[in-house]
K.L.:
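My questions all concern the structure below.
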Amino acid sequence: MKLNIKINEKSVEAVKGEKLLDTIERSGIKIPTLCHIKNMLPSGTCRMCLVENVNNGRLITACSTPAEEGMSILTHSPRVVNARKTIVELLLSNHPDDCLYCARNKNCELQNLSEELDIKQRRINGVKNSHNMDVSGQSISRDPDKCILCGRCVRVCEEIIGVSAIDFVNRGSKTMVSPAFNKSINVSSCVNCGQCLMVCPTGAITEKPHLDQVMSALRNPSKKVIVQYAPAVTVSIAEEFGLEAGKDMNGILNAAIRKIGFYRVFDTSFAADLTIMEEAAELIDRIENKKTLPMFTSCCPGWVKYVEEFMPEIIPNLSTCKSPQQMMGAVIKNYYATIENIDKEEIYSVAVMPCTAKKFEAQREEMTSDGISDVDAVLTTREMAKLIRLYNIDIKNLEPEDADSPLGTRTTAGKIFGASGGVMEAALRTAFFMITGKELERFALEELRDFRGVKQTRLNIGDLDVGVAVINGLGNAESFIRGVALGSGNLQFVEVMCCPGGCIAGGGQHIGAEKESIYARVAALYNIDKNETLRVSHENPQVKELYSKYLGKPNKQLSHELLHTTYKKRDVMK
Amino acid sequence: MEKIKEILDSYTGSKRNNLIPLLQDIQDQYGYLSETSVVEVGRLLKMPVSKIYGVATFYNQFRFIPKGKYNIMVCRGTACHVLGSSTVLKELEKTLKIKAGQTTRDGLFSIEVVACIGACGLAPVISVNGEFYAKITSEKVVEIINNYRNQEIQS
C-alpha cells in the first residue's frame, strides 16, 4: 500500500510498514546515522537520525519510526541540525581527540560527522574516560576510550556471528563495551572474525597491526621476504584506492608488491588448489572407509576457533587440512626453500588476507614445522593498501605482471575460494574427477552461489549420492549443524564461512563498503571462473609438479605431515 | 558447590526472563556472583556469559567479589549527603585502602554504597552487618574500623 507523505515540503510516496529512514534515503536525501545497521532491526539509541515531524512539532528518530499517511517531515530544519550537532558535541565531550594517531583517521564516522556539522570547538567538556587498551588479542585490539557506545559491534557479534563475545557492561556514564567480567579479548570467546571492527564507526576496535614487522623484515638484508595474497584480496583492494568495486587488480598487485621490494610473490589461490587436492582426497577417504561424516571445511579460522570453543564434539568432523594460507606457508618454507636452496630461517613469509582471524591462525602453535612458523606475518587488505601508499606506488600507472613460479599459477577453482560456496564448488569438481575419472558436466553450482545463510544441494558422483551444504555467516551454523547436518540431513560435506558472503566480505577488507560493492566482488570472482579455461584444481600444472617432485600423493605421508593439522578443545568464557 | 546445583535445579526449564531472580538467589546464597556461577547460569538459560554480565553490572545490587566478613553499607541518600556522607565514604575508603564495591585483601571489610537506608534522622548513617551507626564523622569511622579490627585480633 502506498502512503503519501511530505519530506521537506515535497510530496513523496512511502510504502506501508517501511521506516522513515528508507523513504528519506529513497528520495535522495541522506541523513546521518550511527547506531543503525542496514537490514537489521533499528535500535534507535544514538538519536543521530532525528527528523522533525511538522504535524506535532516533535523530533523523532527516522530509523525506527514507520511512515504514516499524511506525515510531513523536515530533515534539515534548524532544530534538527542543532539537535544533531549537540549529539555529536556530547559524543566528543569525552573523546580522546587523538585523530592524528588513530587507526581510523580519515575513515571515521565521528570525524566525518563533526566535519559535516561544522563543529569547530569543544563546547562541552566532559570527564575523559581512562580505560586500559586491550591489545591482548592476536587479531583484534580494543580502545574503549574511543567507543561511542553505538552498539553495532555488540549486535553484529550476537546476531550475525552468533558468538556474543562482547556486550555492554555497567550503566550510565560508566557504560562500556567489553567481554564478560572485563576480561581481555584473548581469553574471551571472540573468534577474531573482525566483523565488529568493520561496523565500528570509530577507532575503538581495530585490527592488530603487522605492518611494522613486515617493514622491518623488508629492511633486513638477511631476510628474504616472500608474500602470498588471498583470492579475495585482488578483487577488493581497488576500493582502498577509490577505484570501482569488483575491479580485479591481480596483475597490478603483483607489480606493486615487486616495486615495494618483496623477494617473491605467490598466489594463495595456488594453495587453495592444493587444499582442494587434499580436502577432496580426505573426503573420499572418509566416505569410502566409513569414517566420521559429514566433513566440515577448515579454511576459515573463525569457524575453526568457534568449533573448538562451542562445539568441540564435532572436532573429528573438521577436515584436518590446513587452510590455504597455512599450506602455502608450509610449502614456501619447505618445498620452495629446498628447490631454491634457501635456509628456511632466512625466509620471512607474509600473507595478505581479507581476514583478521588469519593473524590468529598464523600464530597457532600447530602451524609450525621444526619450531618455525609457517607464516610470519599477516597483513589485511587494508594494511597492504597502506603499504602501497607508504611506498608512494602509483597503482594507476602500473603494468600488470604475473606472480612468480613455482607457486604462482592458479586455477579458477582456487580463485572462487573467496566467495561463500566457492570452496564447496571447487572441492566437488575435483572429488568428482578423483572418483569417476571424468570431469563434471556442470561446473557452476548456482544453487550454492547466493547470499542465503544456508545453501544445500545433492549431487551424483558415480554411484554415490552426495549431500552438501554451505553455511554463510557463522550465526547460521549452530542450529543447522545440530538440527540438520548431524541429524537427518544425510550430508557428507559442509562448508562454513564465518563472514556473511565469504572472505570477500571479511574483517580485513575495505571499511565502509556497501552491499553493492560486496556483490561486485563476488561477481568479479565468478566472472574469472566463467572466462578462464583452467577451472579445476587437479589440472593446475604447478600443483601436479609439486606432488610429483616433492609431496607424493594427496593425504599421504609427507603431504599429511606438512599440509594437515590438529585441533583442540578450548575453554573460554562463553 | 552443592547449593548452586540446588538453585540451578529449581530453575530447570527456565528461559531468560528468569535471569534476574536466579542471579538474586545465587547472590543471596553466596553473597556475590562468581565467574563459575555465571557460566553455569549461562549454560542453563542458554545465554552468553557476556550478556549475563552486562545485565548484572547494570544493577547495583549484584557484586562479583565476595563481601568482607564485615560489610559496611554507606548511605548516600539526600539527608546523609547534605550532612557529609561523601566525606565519610572518602574517609572509609582511605582507612581501608579500597574503593566502594571492593573487599579488603584480608577479607575482613567491604564497602557498599546504598541509596537510602531509611534512617534519615540519624544522618549520616553507616551500617556494619546490619548494625547501625548514627551521626558519623571521619573520626568515628576510624574508631569503628579499629574496634572491629581489635575484636578480630582478640578472637
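Values below: every heavy atom of this structure, side chains too, minus hydrogens, waters and symmetry copies. Lettering of chains follows the sequences in order, A, B, ..., and the numbering in each one begins at 1.
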K.L.:
Taking NE2 in A:His131 as the centre, count heavy atoms belonging to other residues, nucleotides or ligands within less than 6.0 Å. Is the count above 12?
P.N.:
yes
K.L.:
Heavy-atom distance under 4.5 Å to chain B: side chain of A:Phe181, backbone, both or neither?
P.N.:
both
K.L.:
Would you say NZ of B:Lys90 has more than 12 non-hydrogen atoms from neighbouring residues, nucleotides or ligands within 6.0 angstrom?
P.N.:
no
K.L.:
Look at A:Thr175, A:Asn170, A:Ile166, A:Asn182 and state which one has the largest set of heavy-atom pairs under 4.5 Å with chain B.
P.N.:
A:Asn170
K.L.:
Grab the two heavy atoms, one from A:Ser164 and one from B:Ser50, that are nearest each other, plus how far apart they are.
P.N.:
O-OG, 2.6 Å
K.L.:
Identify which part of B:Phe64 has an atom lying under 4.5 Å from any heavy atom of chain A, answering side chain, backbone, both or neither.
P.N.:
side chain
K.L.:
If I measure from the heavy atoms of chain B, does A:Lys183 come under 4.5 Å with its side chain, its backbone, both, or neither?
P.N.:
side chain
K.L.:
Can you confirm whether more than 12 heavy atoms, excluding those of A:Asn132, are under 6.0 Å from its CG atom?
P.N.:
no
K.L.:
Any side-chain heavy-atom pair from A:Arg171 and B:Thr57 closer than 4.5 angstrom?
P.N.:
no
